[in-house]
Asks: 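The structure's right below; bear with me while I get my questions together.
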Amino acid sequence: MSIVEKFMTMEYGPAPEDPREALTWLDRHGRHFGHFIHGAWQAPADGSYFETTDPSKGEKLATVAQGSAADVDSAVKAARAALPAWQSLTPHARARYLYALARQVQKHSRWLAVLETLDNGKPIRESRDIDIPLVARHFYHHAGWAQLLEQEFRGYTACGVVGQIIPWNFPLLMLAWKIAPALATGNTVVLKPAEFTPLTALAFAHICQEVGLPAGVVNIVTGDGSTGEALVKHPDVDKIAFTGSTEVGRAIRKATAQSHKKLSLELGGKSPFIIFEDADLDSAVEGLVDGIWLNQGQVCCAGSRLLMQESIADKLLGKIQDRMNTLRMGPPLDKAIDIGAIVARVQLERIQRLVDQGVAEGATCWQPSIPIPPRGLYFPPTLLSNVHPASVVAQQEIFGPVLAAMTFRTPREAVELANNTVYGLAACVWSESINVSLHVAAQIKAGVVWVNCTNLFDAACGFGGYRESGYGREGGREGLLEYLEPAWFKNAPPVHATPLAMDQPPEEPADTTAPPIDRTVKLYIGGKQARPDSGYSVEVRGADGRLLGEAPLGNRKDIRNAVEAARKAEGWGKTTAHNRAQVLYYVAENLSQRREEIASRLSAVVGKKQAEAEVSLGIERIFSYAAWADKYDGAVHNPPFRNVALAMKEPIGTVGVVCPADAPLLGFISLVMPAISTGNTVIAIPSEKYPLITGDFYQVFETSDLPDGVVNIVTGRSTELMKTLAEHDDVDAIWCFTDEAGAKAVKTLSVGNLKQVFTNEGRAIDWFDVKQGEGRWFLDHTVQVKNIWVPYGE
Ligand code: NAI
């Protein structure tokens, strides 16, 4: 036999990892676990347990506690009790704990990797080389953030007690993504791991004990969805962080809508894997192996939709099939295995059901003829070609080793297909042309774009979605903000409880030198003054009851027209930041020229003193946002391998803004200007108290080169208009700064398309105080960060 023949026929021998250490640890606990609460193991209040099994063998690994509402309550109480002492530690002391956790994870890396593989079914190669090193990296990175917290996030404070719910696909890694930033920022935690994979979270509890983490700072409650639900609904939880299905994410949005819980959601995906004809096809195929067969495809950012340029489709499919024939499926503890077991029978059945449905809808199914283990939960790597973009396998998250392939002709068509989804978690672009790659990357609506690489993660680089893939980021600076709040905001009184500095009854009801007012304004939609669809107007009266003019009574139709106009104006987000700054300066300048006239009209409603302050501070504030426009930019991250990650701040899109009642002009400016400064388009509902500002603004906008449709103003009954805006599926974010009822209503009404919500939580904001009324806190809500990973080097 020649060497070549030997090489070609060489068989892999078995290379099993030794599970003894992990099994001994399970045995030491009698394979029986309670919850980890207040630093100790605690039996479930109602005595319920369930089993967790090894999906590759179907064998029971351990019995774990099924958490009830009483258990969750006990964990939340422990977290609350631990909060003051944890927060009073110096940043350095907290950093030391995080550092100790990182060190301990590293020391126990093999034990943790094996335990993860036993419980989840993923190949040991992955848990050993990807999951656990990333867990350690996350704690190291965040130990650094804990150290720097006060310098880098001055004026911010922790949310408090955080409830965290994680899925089964990367159990310990998701725990690290959640716990590390929460602890670094001074929160205490109750975490619920997924019911299929609780073991490494319990091992982490053990590590918390080993490093002497103060009792109650981390609490782990195991259980199923009902345990998660109890945590979400617990009244003493300040924030919920969730990773899992979009369906449950939506349920959590609904369940928290009537509360002030801060929320971050990392949900499903149907990520495109785009290969252009000039790509290095062999590398792209290797990328695809990681993209869709990593962790048996049970990855939220899996490259599950293959988009191939038509000219290379046949050749590429051939190469993919050849490669699939060499994938090795088998016992996940074998070090030479590519594809392990599916986490649970229900998941296996779901994958099969979706594949059958795809075939019924016309897809061609191809599976390699590789050995499948006779026992255990295995699903072969699967290629579906001739997939119609609208078919179920192109639209729904399968969460299995199934690739759905489609073709495109031009980069433009590739982008259209890529964005033809409700999701927006990740994307891959393969092309040797950096121009094409970055041009396409910029147009894809996704939180992460990997250029000529795939499934790379790092603690310094934020990860999270656009659209129905959720919001909030994990990792990086933006990830920390999810666990922080401005200190003044956390302590702000409820709206109306304490009068604001300027919120006094006008001592001079009107500016008597002003001409009598009888001003009739129109709506402002798409750069044009528009009559309301209803044909009705409402009277606007001053503080003394005097008729000041009339404003249109906008309705649903007007809101819909305004949304359409705002969508059409989205090119605004692509203009240069310099250009946007320039327009904002013009707006300020033109407002300035009419300052006396505007102030005198406004004075009839809010008094002379406030009116003048609103106008002059308003002009300053527009200057501020003009200044920010070309300075609020992204970052370049340096992950610990040969890549740069370009963290680009992109506008969220079309934003509905419900303005505060009491500072009609300044409130409008304080919300609309940051939103447009970063490239969003806006539909604003001005204060009912003085809708006549619409007239002032459209004159100002018309003379300031603001493109049509960037700002649209619809007056009328705020509550009714807000409802249409919040429910509208083509609005990406809704802001409401009225009162408690308004905040709750927008959260409840906007669950449908999971739009991003930003409200005052019913708290009073002093718009006249620069610290409260302007700056980064607002800007941070106007953008979503997209990380574009680009490899460099040979
Ligand atoms: P899931 O979303 O039901 O589970 C995720 C976590 O949420 C688990 O800890 C679960 O116990 C908890 N949970 C379930 N219902 C809850 C509720 N009402 N309130 C609070 N917490 C709740 O995901 P599941 O059922 O494990 O998988 C179903 C599908 O979801 C998968 O086939 C996949 O398509 C998708 N999925 C997506 C993930 C992602 O990372 N994007 C992760 C896991 C699943």
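Note that the coordinates shown come from a computational prediction; the quantities given were computed from them, not determined experimentally. Each ligand, and each atom within it, is numbered from 1 in the order the structure gives. Both backbone and side-chain heavy atoms feed into the values below; hydrogens, waters and symmetry mates do not.
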Asks: Does Lys254 have more than 12 heavy atoms from other residues, nucleotides or ligands lying within 6.0 Å of its NZ?
Replies: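 Atom NZ in Lys254 is not packed in, count stays at 12 or less.
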Asks: Okay, side chain of His35, backbone of Ile37: is any donor-acceptor separation there less than 3.5 Å?
Replies: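 No.
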Asks: Please confirm whether the backbone N or O of Ser259 pairs with a side-chain atom of Lys747, one donor and one acceptor, at under 3.5 Å?
Replies: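 Checked: pair present.
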Asks: Ring centroids only, cut at 6.0 angstrom: are His32 and Tyr49 within range, meaning strictly under it?
Replies: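 Ring centroids of His32 and Tyr49 are less than 6.0 Å from each other.
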Asks: Does the gap between the ring centers of Trp41 and His29 come in under 6.0 Å?
Replies: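 Centroid distance Trp41-His29: below 6.0 Å, so yes.
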Asks: Output the set of protein residues with a heavy-atom contact under 4.0 Å to ligand 1, ordered first by chain identifier and then by residue number.
Replies: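 Lining ligand 1: Ile165, Ile166, Pro167, Trp168, Asn169, Lys192, Pro193, Ala194, Glu195, Asp224, Gly225, Gly228, Glu229, Phe242, Thr243, Gly244, Ser245, Val248, Ile252, Leu267, Gly268, Cys300, Gln347, Arg350, Glu397, Phe399.
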Asks: If you look only at pairs with a residue in residues 382-401, which of them pass as a side chain to side chain donor-acceptor pair (under 3.5 Å), with sequence neighbours excluded?
Replies: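 Residue pairs passing side chain to side chain donor-acceptor pair (under 3.5 Å), neighbours aside: Thr364-Asn386, Gln367-Thr382.
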